[in-house]
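Predicted model, so just to flag it, every value in this text is computed and none were measured.
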Amino acid sequence: MDLIAKEDLRFLAEKKSEFCISIFMPTHRAGAEIQQDSIRLKNLLREAEEKLTDGGLRGADASDLLAPAEELQENDDFWRHQGDGLALFLAPGEFYLYRLPIELNELTVVAERFHIKPLIPIISGDGKFFVLALSQNEVRLLHGSRFSVSDIGLKKVPESLADALKYDDPERQLQLHTGTSSRAGERSAIFHGHGVGTDDTKNNILRYFQQINKGLHEILREEKAPLVLAGVEYLFPLYREANTYQFILDDGIAGNPEELSDPDLHARAWDIVAPHFLRKRQEAAAKYLELAGTGRASNDIEAVAPAAYNKKVELIFIAQGVQKWGAFDRASNKVVVHPHAEPGDVDLVDFAAVHTFLNGGDVHTVRQDESPGGSVTAAVFRF
């Protein structure tokens, strides 16, 4: 699936046009349900067209604007390669598509900016984590959320220990094949025995892990999500010696990961990371409640949205699936809230969440009844 990075969010958030269309929908990885996904998109595109024409765009121009997405409807191969959610962004002359590892609610928004809020749980680190599965014969990096997991294709890491050392001398290569591998039938004591063994073997593994870490740096360089290791337990300290990613967890999934499916790894990793996320959210809620009424916290969107834009929000809770429409005047630093969306309006909850994230704050997406005080937004200010 597509791994959304902070740069993607910033790119989408900075786009502005008279007509920016954002479409979100759940999708299916397999089964008869995939046939319904194209029908769901058709209905959402019809809704987008109605909003465009209601906003003053001629019908022919609305059709032209939506044409790139409409072409997907009959593309059977496209629908057979989906994740759990699909996000589409269209503007005049532009079309961006993300297949995502989390289920998304159906939503169509037409405004002067793209609607980004449904993507925030994927990239904010609140419920997002990675699993690095290490074995002699393969390396897997998984991107997980509470409900799903997907494999991230690795292009700049060695495919195996032998691949990492393929330019070594033949004698050293021969040392790699002295035990039994559970998957490929090869001989190797390195990952399937009871210890690392000789200094040469340890050095080989360490060099292998250093190459993996170097390749992962390009993928994870701006991430803050926890990373869970999966592998034979005695390899954990060796990988940590090579590791430069700050958010690797102490606990790992012990055992040969070649024998575990992606869902198996996801379930075991979630048991490890769930307490981490719960603790972080509880600490954030306690901080908000402690500061409420002091001027350092607010649940008023008219105060929160300008503060987020001006880099003053340290952390924010936002209610999932709730919109607050209005306009933000950058010159006066004021917000006007409307009961319904008006031309030129933005979802102020989306606006506050996106700018908090882009400015280095923490965003917690929750049900409204889980937000401190049951508010649509609840923010703690830096100063």
Side-chain angles (χ1 to χ4, degrees), residues 1-27 37-38 40-75 78-79 82-83 85-100 102 104-124 305 308-309 321 323-330 338 340-359:
M1 294 302 100
D2 303 309
L3 182 62
I4 290 184
K6 191 172 184 177
E7 295 96 325
D8 297 297
L9 188 73
R10 188 182 301 278
F11 174 79
L12 292 169
E14 290 176 349
K15 287 288 179 181
K16 185 176 182 180
S17 175
E18 186 177 3
F19 297 104
C20 287
I21 304 142
S22 308
I23 295 174
F24 305 91
M25 56 178 280
T27 51
D37 292 340
S38 63
R40 180 178 285 109
L41 176 60
K42 181 179 180 180
N43 294 334
L44 291 170
L45 289 172
R46 184 183 300 119
E47 181 183 347
E49 186 171 12
E50 291 174 357
K51 292 184 176 183
L52 287 168
T53 54
D54 288 345
L57 194 64
R58 293 190 310 119
D61 293 334
S63 295
D64 289 343
L65 184 50
L66 297 171
E70 289 174 345
E71 292 177 3
L72 299 174
Q73 294 178 50
E74 306 302 324
N75 187 335
F78 172 77
W79 295 109
Q82 291 299 313
L86 180 65
L88 308 174
F89 300 95
L90 301 104
E94 299 180 87
F95 177 42
Y96 310 101
L97 178 153
Y98 295 91
R99 290 173 291 190
L100 303 169
I102 67 168
L104 299 170
N105 294 324
E106 290 186 14
L107 179 64
T108 300
V109 176
V110 176
E112 291 185 355
R113 296 182 182 273
F114 289 129
H115 185 77
I116 312 296
K117 186 171 60 178
L119 303 182
I120 293 219
I122 307 173
I123 57 178
S124 68
Y309 178 77
Q323 287 85 43
K324 285 274 188 181
W325 296 102
F328 172 61
D329 185 336
R330 289 164 173 79
H338 298 138
H340 305 287
E342 297 183 8
D345 274 2
V346 297
D347 174 11
L348 295 168
V349 180
D350 175 85
F351 180 89
V354 169
H355 282 284
T356 297
F357 176 76
L358 291 177
N359 293 325

Within-4.5 Å side-chain heavy-atom neighbours: [X] and [Y]:
X    : Y    : value
L41  : W79  : yes
V346 : L348 : yes
L100 : L119 : yes
L104 : Y98  : no

Residue pairs meeting salt bridge (Lys or Arg N to Asp or Glu O under 4.0 Å), one or both in residues 345-358, sequence neighbours left out, come to K117-D347
Identify the heavy atoms of L358 and A13 that sit nearest to each other, and give their distance. CD1-CB, 4.1 Å
Write down the atom of P118, the atom of L107, and the distance for their closest heavy-atom approach. CG-CD2, 4.4 Å
Taking only residues two or more places apart in sequence or in another chain, which ones pass ring-ring contact (aromatic ring centres under 6.0 Å, His included) with [X]?
X    : value
F95  : none
H115 : none
F114 : F89

Test salt bridge (charged side-chain N to carboxylate O under 4.0 Å, His left out) applied to E50 - qualifying residues, sequence neighbours left out: none
Please enumerate all residues that pass salt bridge (charged side-chain N to carboxylate O under 4.0 Å, His left out) together with E342, with sequence neighbours excluded. none
Heavy-atom donor-acceptor pair, T27 side chain to G83 backbone, under 3.5 Å: yes
Which donor-acceptor pairs under 3.5 Å do the side chains of residues 14-21 make with protein atoms, sequence neighbours left out?
from : atom 1 : to  : atom 2 : distance (Å)
K15  : NZ     : E94 : OE1    : 2.6

Could you give the distance from CD (E7) to CG (L12), rounded to the nearest 0.5 Å? 11.5 Å
OG1 (T108) and CD1 (I23) are apart, to the nearest 0.5 Å, by 5.0 Å
side-chain contact (heavy atoms from CB on, under 4.5 Å) assessment of F357 paired with I116: CA-CA 11 Å; F357 176 76; I116 312 296; over 6 Å; no
May I ask you to decide if the ring planes of Y309 and H355 are parallel, tilted or perpendicular, using 30° and 60° as cut-offs? perpendicular
Would you please name every residue forming a side chain to side chain contact (heavy atoms under 4.5 Å, CB included) with [X], sequence neighbours left out?
X    : result
D54  : none
N43  : I39, R46
A352 : I301, V304, A308, I316

Sequence neighbours excluded - side chain to side chain donor-acceptor pair (under 3.5 Å) pairs with any residue from residues 56-67: E49-S63, R58-D61
Do any side-chain atoms of residues 66-74 form donor-acceptor pairs under 3.5 angstrom with protein atoms, and if so which ones, sequence neighbours left out?
none

